[in-house]
*Asks:* 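After the structure tokens below, expect a handful of questions from me.
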Amino acid sequence: MSHYESPYREPLILGKKSYHDISVDIARPIETRANKNWWIAFTIALLAFLWGIGAITYTIATGIGTWGLNKNIGWAWDITNFVWWVGIGHAGTLISAVLLLFRQEWRMAINRSAEAMTIFAVFQAGLFPLIHMGRIWDGYFTLPIPNQFGSLWVNFNSPLLWDVFAISTYLSVSLVFWWTGLLPDFAMIRDRAIRPFQKKIYSLLSFGWTGRAKDWQRFEEVSLVLAGLATPLVLSVHTIVSMDFATSINPGWHSTIFPPYFVAGAIFSGFAMVQTLLGIMRKVTHLENYITRKHIENMNMVILLTGGIVATAYLTEFFIGWYTGSPYENYTYMSVGAATGPYWWAFWSLILFNIIIPQFLWFKKVRTSFIWSFVISIAINIGMWFERFDIIAIVLSKGHLPSSWGRFEPTFVDIGIFIGTLGFFFVLFLLYARTFPVIAQAEVKTILKKTGQYHKNLRDTSHE
Amino acid sequence: MSKKYYVVHASYNDDEVLMDAVKTVRAADHEIEEIYTPFPVHGLDKAMGLKSTRIAIASFLFGVTGLLTAMWLTKYTMIQDWPQDFGGKPNGTYPQNMLSFVTILFELTVFFAAHLMVITFYLRSRLWPWKKAENPYPSTTDDTFVVELEVTENLEEVQSLLKKTGATEINVTEKIDTEDYE
């Protein structure tokens, strides 16, 4: 009876599973060969990645002039993609850290993949500011290290430098959080491996994990403390990203609601990306018993909440912009000027994809449907990209001085780099899905007796 | 004189059975050398008499170190070594400027607390690449729970006690303690 859970709670693990069955199910994608669909997806992703490498090489060899930037719009496409990728990178740590503190057991089936997605997305995000430096080999100038230029230090007052610190801390902490959680699962794969090469690789990756009682005690404490540290960290990252804009004096950017609104938007887009990836992965890897309708529904509810916060922020921005009566505010990204100006399509895409389409999640039928969740998650991914594009390109296209108004048009190089990062992201994720235990099996085993369908049924029918 | 002793490995296939077994074995005054489990079993550390870990305290101290490092770094670079004047707001004293360093102070605190704690964990639990795994059976990372005992006398009594607690398999290896032999 120590594992009792109310029968009203839906089971999180379907079917009749034993501890061993869980190991077998999680190890299956690693131990079997990749099928044709995987190879097709991988080839497409790899080609996109190679195209991106080409575009990056061209940019670095020729200069930032290959991009669609102009005198008026000094950053647009790259910072849009940077913020988009960083935002996507927020769901992983939220799921693994915040939901751990709230003791949400449904996180255990999805935290591993969400964290992987986080790390891969932050890689992509980091590429953009580095490339935009032009001289990528001088990237180390962002670090406060003694150098040959006298006492030339970095500027700790600058939000751009805060970004460097926030994102590198976030990336590295997420990485060790992820890896520490992976150790017992790598050890499980290692101890099952038959081929010597596989055994060698997984011994290396598992750091010699044996599952001693003392190690588990430390493991749990470390996970808890890391979750406690990562929770304010994840909130700080997008807060600081929003300060890149909010601390400037541009109308439309100089806004105090940016930090909370960006954080909500980041979680919104991150969960949408998790939904996109897991919707496919649960089918391909046959993990339908672990990533269930309940998981999809719970994620959709988080999307609905954060999407609501984002929509409220848009309305606030629109109202406050109008209420100031300032003519400058009439051309910010949330204004009548934006809705009717040359970027009307970007404005209305944002409204459609980010505000209107997610509202369908209020219906339980839609919220619990795999197909509709997938479709809506794609819409949100597009909508959140437009949010960043609107905030940056629309605001910069109409600044304080009407004589310098101009538009941003991306070149093929801009688009190439973006597609390249999409390719890179999917290359990493597809490789991950075949070589890593995609579900934290050790953690899932701890809740098997409590929320496993078979064990729940057994309990509910055995007494009274 | 060399001393002969036995290492007993009792396997269980259920965490609840294991918990009861641990309590029974401890009540019979046998010291448990080690337990290998495929997943964290809640309350096992207390049941087998492990002291609670102090790694969270270590993490706090690492965090304090990070905070102090960040304070020194921002003060030295921005106030002492090369004070600047941004938009008519000179970097005069540290307290006046600290607000704009809060993010850096926070990030470095987290950076130090998280990484040094994880490194401490890896070192204390002897986890690193190329480290050889020492679990008695491969299945302890899958679904087998193994209790390890070191017995010098009354081996049979221990074996029958373990069998009574529901052990599915009991393995005994004879070892010779050579420490005081040389």
Side-chain angles (χ1 to χ4, degrees), chain A residues 2-3 18-20 23 144 150-157 159 161-162 165-166 168-169 172-173 176-177 180 183-184 187-188 190-192 203-222 224-226 229-230 232-233 236 240 243 441-443 445-446 449, chain B residues 13 15-16 19 32 34-42 44-45 48 50 52-53 55-56 59 63 73-74 76-78 81-82 84 86 91 97 100-101 103-104 106-108 110-111 113-115 117-118 121-122 124-135 137-143:
Chain A
S2 62
H3 292 289
S18 68
Y19 294 137
H20 182 64
S23 304
S151 310
L152 183 67
W153 295 107
V154 290
N155 180 6
F156 282 114
N157 288 319
L161 190 73
W162 301 345
F165 276 73
S168 39
T169 304
S172 62
V173 171
V176 295
F177 200 177
T180 304
L183 294 180
M188 185 274 283
R190 170 198 73 205
D191 288 343
R192 282 175 57 86
S203 319
L204 202 65
L205 297 178
S206 65
F207 288 13
W209 176 270
T210 50
R212 295 183 311 177
K214 188 73 192 175
D215 295 353
W216 277 121
Q217 187 198 38
R218 292 197 184 112
F219 177 93
E220 294 224 285
E221 187 87 355
V222 164
L224 188 66
V225 175
L226 275 181
L229 289 168
L233 181 63
S236 84
I240 293 170
M243 285 173 183
Q441 53 92 23
E443 281 192 85
K445 283 173 185 169
T446 62
K449 284 192 179 165
Chain B
N13 57 14
D15 44 336
E16 281 160 282
M19 278 295 275
I32 293 171
E34 194 58 80
I35 301 180
Y36 299 91
T37 61
F39 57 81
V41 179
H42 293 283
L44 184 67
D45 48 348
M48 71 181 280
L50 284 181
S52 53
T53 169
I55 205 152
S59 176
L73 181 71
T74 45
Y76 176 71
T77 58
M78 301 292 290
D81 197 39
W82 195 274
Q84 292 171 78
F86 295 102
N91 286 357
N97 282 265
S100 68
F101 304 143
T103 43
I104 301 291
F106 170 76
E107 299 298 335
L108 284 182
V110 170
F111 188 89
H115 287 295
M117 173 182 66
V118 171
F121 166 50
Y122 286 178
R124 290 288 285 132
S125 285
R126 308 177 60 74
L127 299 164
W128 51 77
W130 290 282
K131 170 81 169 42
K132 254 188 108 57
E134 288 156 351
N135 42 343
Y137 317 118
S139 61
T140 55
T141 52
D142 176 11
D143 62 349

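Per chain, numbering begins at 1; letters A, B, ... match sequence-line order. Source: prediction; values computed, not measured. We use all heavy atoms of the structure for the numbers below, so side chains are in, but hydrogens, waters and symmetry mates are not.
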*Asks:* Under 4.5 Å from any heavy atom of chain A, what part of B/S59 do you find: side chain, backbone, both or neither?
*Replies:* side chain
*Asks:* Identify, with sequence neighbours excluded, every residue that meets side chain to side chain contact (heavy atoms under 4.5 Å, CB included) alongside A/P159.
*Replies:*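 If we apply the side chain to side chain contact (heavy atoms under 4.5 Å, CB included) test to A/P159, skipping adjacent residues, the hits are A/W162, A/M243, A/D244, A/T247.
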*Asks:* Which bit of A/F177 is near chain B, if near means a heavy-atom gap under 4.5 Å: side chain, backbone, both or neither?
*Replies:* neither
*Asks:* Could you grab the distance from atom CG of A/N157 to atom OG1 of B/T74, nearest 0.5 Å is fine?
*Replies:*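 It is 10.0 Å, given to the nearest 0.5 Å.
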*Asks:* Check each atom of B/M48 against the heavy atoms of chain A and say whether the ones under 4.5 Å are side chain, backbone, both or neither.
*Replies:* side chain
*Asks:* Below 4.5 Å, heavy-atom pairs only: which of A/A230, A/S206, A/S172 has the largest tally toward chain B?
*Replies:* A/S172
*Asks:* Can you confirm whether A/L233 sits close enough to A/T169 that some side-chain heavy atom of one is under 4.5 Å from a side-chain heavy atom of the other?
*Replies:*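 They are in side-chain contact.
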*Asks:* Please classify the contact of B/D45 with chain A as side chain, backbone, both or neither, using a heavy-atom distance under 4.5 Å.
*Replies:* side chain
*Asks:* Under 4.5 Å, counting heavy-atom pairs only, tell me which of B/S52, B/S100, B/P40, B/A114 racks up the most with chain A.
*Replies:*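 Heavy-atom pair counts peak at B/P40.
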*Asks:* Please rank B/P38, B/P138, B/A56, B/A113 by heavy-atom pairs under 4.5 Å with chain A and give me the top one.
*Replies:*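 Option with the greatest count: B/P138.
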*Asks:* Checking heavy atoms, do the side chain of B/I32, its backbone, both or neither come under 4.5 Å from chain A?
*Replies:*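 Neither part.
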*Asks:* May I ask you to test the A/L183-B/L127 pair for a side-chain heavy-atom distance under 4.5 Å?
*Replies:* yes
*Asks:* Non-hydrogen atoms of chain B under 4.5 Å away: do they reach the side chain of A/I240, the backbone, both or neither?
*Replies:*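 Looking at A/I240, just its side chain touches chain B.
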*Asks:* If I measure from the heavy atoms of chain B, does A/E220 come under 4.5 Å with its side chain, its backbone, both, or neither?
*Replies:* side chain
*Asks:* Please flag which part of B/S139 lies under 4.5 Å from any non-hydrogen atom of chain A: side chain, backbone, both or neither.
*Replies:*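 Looking at B/S139, nothing touches chain A.
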*Asks:* Under a 4.0 Å N-O cut-off, is there an ion pair linking B/E134 with B/R126?
*Replies:* no
*Asks:* Would you mind checking which part of B/W130 comes under 4.5 Å of any heavy atom in chain A, side chain (CB onward), backbone (N, CA, C, O), both or neither?
*Replies:*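 Both parts, backbone and side chain.
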*Asks:* Quick check on A/L205 against chain B: is it the side chain, the backbone, both or neither that has a heavy atom closer than 4.5 Å?
*Replies:* neither
*Asks:* What's the spacing between B/F101 CZ and B/L108 CG if we round to 0.5 Å?
*Replies:* 12.5 Å
*Asks:* Tell me, out of A/S18, A/P184, A/A166, who's got the most heavy-atom pairs with chain B below 4.5 Å.
*Replies:*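 Winner by heavy-atom pair count: A/A166.
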*Asks:* Quick one: side chain to side chain contact (heavy atoms under 4.5 Å, CB included) partners of B/A133, sequence neighbours excluded?
*Replies:* A/R190, A/T210, B/N135
*Asks:* Before you tell me yes or no, could you show the steps for A/F165 and A/F156 under ring-ring contact (aromatic ring centres under 6.0 Å, His included), namely the whole-Å CA-CA distance, both residues' side-chain angles and the distance that decides it to 0.1 Å?
*Replies:* CA-CA 10 Å; A/F165 276 73; A/F156 282 114; 5.7 Å; yes
*Asks:* Are any of the side-chain heavy atoms of B/E107 and A/S236 separated by less than 4.5 Å?
*Replies:*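 Yes; the side chains approach each other to less than 4.5 Å.
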*Asks:* Could you tell me if the side chain of A/K445 sits less than 4.5 Å from the side chain of B/D15, heavy atoms only?
*Replies:* no
*Asks:* Who among B/V41, B/V110, B/L73, B/T37 has the most heavy-atom pairs with chain A under 4.5 Å?
*Replies:* B/T37
*Asks:* Spell out, as yes or no, whether a donor-acceptor pair under 3.5 Å connects the side chain of A/K214 to the backbone of B/E34.
*Replies:*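 No.
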*Asks:* What residue in A/L224, A/L204, A/L161 has the most heavy-atom pairs under 4.5 Å with chain B?
*Replies:* A/L204
*Asks:* B/F121, B/F111, B/Y137: which one forms the most heavy-atom pairs within less than 4.5 Å of chain A?
*Replies:* B/F121
